[in-house]
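Remarks on the structure that follows.
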Number of protein chains: 4
Amino acid sequence: MTLAKATLKERTFILMAARTHTASLSERPDKREAILAAALELFAERGFHGTAVPLVAEKAGVGAGTIYRYFESKEALVNALYQQWKGVMLQSILLDFPHEAPIRGQFHAFWRRMFGFAQEHPQAFAFLQLHHHAPYLDARSIALEEASHQPARALFEETRKQQITKDVPPDILIAIVFGAFIGVARAAQEHRFALDEATLDQAEACVWEAIRR
Amino acid sequence: MTLAKATLKERTFILMAARTHTASLSERPDKREAILAAALELFAERGFHGTAVPLVAEKAGVGAGTIYRYFESKEALVNALYQQWKGVMLQSILLDFPHEAPIRGQFHAFWRRMFGFAQEHPQAFAFLQLHHHAPYLDARSIALEEASHQPARALFEETRKQQITKDVPPDILIAIVFGAFIGVARAAQEHRFALDEATLDQAEACVWEAIRR
Amino acid sequence: MTLAKATLKERTFILMAARTHTASLSERPDKREAILAAALELFAERGFHGTAVPLVAEKAGVGAGTIYRYFESKEALVNALYQQWKGVMLQSILLDFPHEAPIRGQFHAFWRRMFGFAQEHPQAFAFLQLHHHAPYLDARSIALEEASHQPARALFEETRKQQITKDVPPDILIAIVFGAFIGVARAAQEHRFALDEATLDQAEACVWEAIRR
Amino acid sequence: MTLAKATLKERTFILMAARTHTASLSERPDKREAILAAALELFAERGFHGTAVPLVAEKAGVGAGTIYRYFESKEALVNALYQQWKGVMLQSILLDFPHEAPIRGQFHAFWRRMFGFAQEHPQAFAFLQLHHHAPYLDARSIALEEASHQPARALFEETRKQQITKDVPPDILIAIVFGAFIGVARAAQEHRFALDEATLDQAEACVWEAIRR
DNA sequence: CATGAATGAGTTTTCATTCAT
DNA sequence: GATGAATGAAAACTCATTCAT
């Protein structure tokens, strides 16, 4: 079984899961989107418990009661938000991923796509970081979170078999790569340095050195 | 000017700053410590806004009012906690640091000490991660946070001058190293793998490869 | 410059100041009025610190939280109340005051109007007495209080110039007249005697004797 | 029955009542006095409910618990204070009162003694004003308060019989005289004018005019 | 006796959620 | 559907009172 085939089913599952609650019913979508956008901004900045629902409503330009027409509760709202953006993130990375390319090229694609997401949606990136493992995430959010590890795990399993990466447990390599990614992305967002293409390539080269045999 | 001398003053400043509010008044320390311990556990798990003061009191085994005898407000409590543990972390890393050792040895010391702290005080580690850049941190907490970057920055600046590490902006190397550290420590705490000495050395070797020339 | 002209501006200022915060926003007024009425009764009886907010809410027939939709804080509530009733009192006395009448007639008008207010609004009268100079009164309340002295001061200054009243500092005459007024009004409210028109006229005659030359 | 005899019994009762709780047990009196002095100052300034017991303790230079060795509760403390100062005030006025002097002389004595008390003990004067009719005053305080009206009532009853004062209900004359007294004393304490002997005499003359036939 | 640290009931205030309009 | 005024449960915080020292 090849990697491409192995992850295809998973990918499909993940993307469908992410969609489910995002664009479902025939509610006018603009208000729903406005609420999600406002919540994203506020939850990313002040956290879930630190953000009052009427504040979300105000920023979304809707009445406070309206939020409850689109989401059952504040918890349902965070979870919808989490699932939405986790889904977007996964799509950004996995859609048309060059599974047939050489491993180094796949790594480059991975790296670029992750940064692409973090730079295009800095608030979503911060939100996902902050709400990682929060106790109010529901089963679906947690399942999505866990499922999102699979593709990387499969890729690194494969690279190790091919003796491209170091002879180190894949989970450690994953932790190093994702950790480094998050570190660089956060530092860039905190304006510690400009993250142009050249710098991004430098960082990528460093991280590749970390894991390659 | 050598690295050892350069950081000595800073170290001293940082450690003193960290101490100032931690072990100040001559109040009987057991209740204060119990409150701090309870707050650490709860804030790390549920966040600042997600934790009610009476819950902290109950876990500390004191009355709710008692917390306000030791801390002016809930905010003062988080800040005391932040400063305490940031201080402990800095001490764990910097106390008797082998500034005169070869760079690779210094890196090893750094890596080992950071993990030592994260493993000895997993809740404190989680707490510091979660409350990084929270809007309720006061000036002292923020100053301490910023000061805590200095030693690493000085070390990496120096290694680059000596052409030991890659010709890459030090901030990026720092982001990679700390990011990878956090990734590995978190993954280990989430029980994705055992973090014995051998594994730790493997991870360290990987990260060194990332930055060495 | 005549008295009428001298006090006209002041009167206008005072009445406008009193209005400003009293009938401002377009909130449905009934709840606001119910809260103010309940607060008046309770603050007059038990004082500011002696009255819990939920008690005001209960007496007003609203939820406790509702009070904070209309008033920023308990302090804001007392101040609104103080300004409202000080304003009403000033209006009762000054509106269409017969500035052109002979002095004795002006004194009669003053006396009658003050008693009119105290008898029509005994709780407001008690409230204003009790909260005179309280430390939680804000700048506007204090300004209104101080401004409210002006008309009487101007009147007594004038009477002294015309040698109608005794050659005694006006502030003392004012203190005697207002003190006697408060004494009589309070005694009447404590049911020490009926305050019919005849009795009121007797008291007025006594006080006029106190100040007239 | 002469006035002197009529009030003698009452006076005795009043003064004894006032003493009862003031200097009774063999407790060291200095702490008790310190507590009463501190409470007087704070209650006069901030009211009963606005003053925290530990604040009284701090100002008195004793431990918070100590207050409860001398007074059963905060309410007991206000009542002791009220009774103490009402007693002192009555003594100041009634002790060696020239009952045999001509009425005008008695009025002069009354006036001077009341002002003497208000000026010697401005905080006690303010305290008694503020706590007049407070719901936490106990039966003894209320009885003392009511008894304190008797001497004046008897005096004014008598003067009316002798046709010295106006043919007006004595309670109204009392209300005018006490009201004017409070008005002048308060105005003086608020520094609206200096209250030297000459001014005091002027005010007295005014008030006498108010009531004399 | 004197204390003051400790407490929990009570205070002011906030906020997720509802529901009449 | 949409609203936002209204709410009461729960939050942060205070304070009269107690009790071990």
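By convention in this document, chain letters (A, B, ...) are assigned in the order of the sequence lines, proteins followed by strands, and residues within each chain are numbered from 1.
Contact of the A:Asp138 side chain with the A:Glu75 side chain is not registered, since no non-hydrogen atoms from C-beta on lie closer than 4.5 Å. Taking the side chain as every heavy atom from C-beta outward, D:Arg32 and D:Leu36 approach each other to under 4.5 Å. Two residues are said to be in side-chain contact when any heavy atoms from C-beta on lie closer than 4.5 Å; A:Glu145 and A:Arg140 fail this criterion.
In this structure, A:His121 and A:Trp85 have tilted ring planes: the angle between them lies in the 30° to 60° band. Aromatic ring orientation, B:Phe43 versus B:His131: tilted (interplanar angle from 30° to 60°).
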Taking it one step at a time, do D:Arg46 and D:Leu55 satisfy side chain to side chain contact (heavy atoms under 4.5 Å, CB included)?
CA-CA 11 Å; D:Arg46 317 156 59 110; D:Leu55 192 66; 3.9 Å; yes

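Look at CD1 on A:Ile35: it is 9 Å from P on F:dA2, rounded to the nearest Å. At whole-Å resolution of the value, CD1 in B:Ile67 and P in E:dT7 are 10 Å apart. We find that CG of A:Leu55 is positioned 15 Å from P of F:dG4, with the value rounded to whole Å. Taking atom CG of B:Asp30 as the reference point, atom P of E:dA6 lies 8 Å away to the nearest angstrom. The distance between atom NZ of D:Lys31 and atom C1' of E:dT3, rounded to the nearest whole Å, is 10 Å. At whole-Å resolution of the value, OH in B:Tyr136 and C1' in F:dA12 are 16 Å apart. As a whole-Å value, the separation of B:Glu58 CD from E:dT7 C1' is 15 Å. Computed from coordinates, the A:Leu77 CG to E:dT17 C1' distance equals 14 Å when rounded to whole Å.
At least one side-chain nitrogen or oxygen of C:Tyr70 sits closer than 4.0 Å to the OP1 or OP2 atom of F:dA6.
Separating the CE atom in D:Met89 from the CG atom in D:Leu144 is a distance of 11.0 Å, to the nearest 0.5 Å.
Base-pairing analysis of DNA chain F finds the following stems of at least three consecutive Watson-Crick or G-U pairs, with both pairing distances under 3.5 Å: E:2-21 with F:2-21.
In this structure, the nucleotide among F:dA2, E:dT3, F:dA6 sitting nearest to the side chain of D:Arg69 is E:dT3.
Within a 6.0 Å radius of CD in D:Gln129, other residues, nucleotides and ligands contribute more than 12 heavy atoms.
Taking the six-membered ring for Trp and the full ring otherwise, B:Tyr136 and B:His49 have centroids separated by under 6.0 Å.
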Report each atom pair, protein N/O against N/O of nucleotides 13-16 of chain F, whose distance is under 3.5 angstrom.
{"unit_1": "F:dC13", "atom_1": "OP2", "unit_2": "B:Tyr68", "atom_2": "OH", "d": "3.0"}
{"unit_1": "F:dC13", "atom_1": "OP2", "unit_2": "B:Lys74", "atom_2": "N", "d": "3.0"}
{"unit_1": "F:dA16", "atom_1": "OP1", "unit_2": "D:Lys74", "atom_2": "NZ", "d": "3.0"}
{"unit_1": "F:dA16", "atom_1": "OP2", "unit_2": "D:Val53", "atom_2": "N", "d": "2.4"}

